[in-house]
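Naming convention: chains lettered A, B, ... in sequence-line order (proteins, then strands); numbering from 1 in each chain.
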Protein chains: 2
Amino acid sequence: MRKVQMVTDRELEILKILWALGKASVREVQDELNKLPDTVDNPVAYSTVQTLLNIMEDKKGLVRHVVEGRTFIYIPKKSSDRTIRELTKRFVDRVFDGAIDRMMVALLDTKPPSAAEFDRLRAMIDEAQKQADERADEPVGSKLEVD
Amino acid sequence: MRKVQMVTDRELEILKILWALGKASVREVQDELNKLPDTVDNPVAYSTVQTLLNIMEDKKGLVRHVVEGRTFIYIPKKSSDRTIRELTKRFVDRVFDGAIDRMMVALLDTKPPSAAEFDRLRAMIDEAQKQADERADEPVGSKLEVD
DNA sequence: TTACGTCAACGAGATCGTTCGTTTTCGAGG
DNA sequence: CCTCGAAAACGAACGATCTCGTTGACGTAA
């Protein structure tokens with residue numbers, strides 16, 4: 001069987017809306033979707049959104065729903081951070097065979113940052129390293145379980 | 001009509017082989033493909049590779065072919081660097097709405113780098129900035145064509 | 001009670017990605 | 001010339017993605 005995409009393009013758009021709103025009905029998702037620049041000329045039908053949300057719930061477990069009155073309210077099951085981290089990992093594996101540094105190079109190549117952005121980048125790296133160090137310090141007696 | 005993927009998963013695998021070999025026949029691509037860890041249990045048929053290469057040439061312009069004797073030799077039309085840069089841009093746009101710094105954060109989150117890797121990262125950034133500066137210095141009379 | 005509007009439920013179709021089997025072509029060796 | 005083997009050409013299938021139209025249920029207002 002073919003490889004099933006964890007999150008497809010349309011599904012990601014819907015997830016972004018759910019992350020922004022916290023939760024939403026089919027109608028609300030449809031409205032938000034049709035505000036997007038790509039869809040203003042090409043509105044998406046109600047039943048389309050409905051079908052997508054069904055699939056995202058039943059087949060992929062990306063969302064769940066609660067019933068509120070007579071309408072379904074959909075809620076994302078995974079956080080934006082976690083989902084995006086997983087998507088990023090898949091991409092790095094697929095394109096760069098997991099080599100994060102090569103991905104960095106491509107990223108810096110994509111749009112050369114300004115001087116200020118370079119500084120912010122360095123700050124980000126310092127911060128990431130500081131956190132990595134903290135994580136590496138404490139485990140004196142808890143080193144037994146390595147995840 | 002549905003959005004057509006610039007480079008699909010299988011096509012990317014094939015492109016990687018062509019980049020590594022420079023050029024290759026259908027048979028060679030098939031052989032290399034079936035050496036991959038994911039395909040050893042699941043070999044790909046000759047005609048499958050043939051169809052893919054056809055599409056990659058006719059519909060997508062990713063490769064071209066020359067005839068050598070009676071066999072087609074396929075050659076990638078775009079460099080690995082350029083293609084990967086385009087793929088990366090698409091991904092950043094799709095997932096991060098173009099925000100490269102957020103992509104960086106996700107990347108650093110994906111697999112916390114070691115101290116040595118942090119250093120290499122900083123060196124990379126320095127290098128990228130130096131090149132950016134050089135590009136910004138010289139353009140006294142050559143600023144007319146920006147490509 | 002009847003009509004109306006909204007919602008979930010179905011069924012279905014178009015295109016794409018991926019996969020092959022089969023047929024045709026064609027050059028080399030007997 | 002005939003056969004054999006390898007390569008290209010062709011047609012076809014299946015699941016996945018994305019898209020709707022239609023139908024039936026249900027609550028509300030007239």
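Remark: K77(A) does not engage E57(A) in a salt bridge, criterion side-chain N to carboxylate O under 4.0 Å. Ion pairing between a basic and an acidic side chain is recognised when a charged N comes within 4.0 Å of a carboxylate O; K130(B) and E134(B) show no such pairing.
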Tell me which donor-acceptor pairs under 3.5 Å the side chains of residues 91-101 of chain B have, and how far apart each pair is, sequence neighbours excluded?
unit_1, atom_1, unit_2, atom_2, d
D93(B), OD2, K89(B), NZ, 2.7
R94(B), NH1, D9(A), OD1, 2.7
D97(B), OD1, K16(A), NZ, 3.1
D101(B), OD2, R120(A), NH1, 3.3

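A donor-acceptor contact under 3.5 Å is formed by the side chain of T51(B) with the base of dC20(C). For a distance-only test at 3.5 Å, the side chain of T8(B) fails to qualify as a donor-acceptor partner of the base of dG17(C).
Of the candidates dC20(D), dC16(C), dC20(C), dC20(D) carries the atom nearest the A45(A) side chain, counting heavy atoms from C-beta on.
Side-chain atoms of K23(B) never come within 3.5 Å of backbone atoms of V66(B) as a donor-acceptor pair (strictly under, hydrogens ignored). Remark: the backbone N or O of D81(A) is not paired with any side-chain donor or acceptor of W19(A) at under 3.5 angstrom.
Rounded to whole angstrom, the span from the CD atom of E68(B) across to the P atom of dG27(C) amounts to 16 Å. The CG-P distance, from L15(A) to dT17(D), rounds to 13 Å in whole Å.
There is a side-chain donor-acceptor pair under 3.5 Å between R122(B) and Q129(A).
If you check every strand for non-hydrogen atoms under 4.0 Å, K60(A) touches sugar and phosphate atoms only. Note on N54(B): nothing from the nucleic acid sits closer than 4.0 angstrom, heavy atoms only. T48(A) comes within contact range of at least one nucleobase, with a heavy-atom separation under 4.0 Å. Within the nucleic acid shown, I55(A) has no heavy atom closer than 4.0 Å to any nucleic acid atom.
When each of Q5(A) and P43(A) is assigned the nucleotide of DNA chain D bearing its nearest heavy atom, the one mapping closer to the 5' terminus is Q5(A).
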Heteroatom pairs (N/O) under 3.5 angstrom, protein to nucleotides 6-8 of chain D:
unit_1, atom_1, unit_2, atom_2, d
dA6(D), N3, R70(B), NH2, 2.9
dA7(D), OP2, R27(B), NE, 3.4
dA7(D), OP2, R27(B), NH2, 2.7
dA8(D), OP1, F72(B), N, 2.7
dA8(D), OP2, Y46(B), OH, 2.2
dA8(D), N9, Q50(B), NE2, 3.4
dA8(D), N7, Q50(B), NE2, 3.3

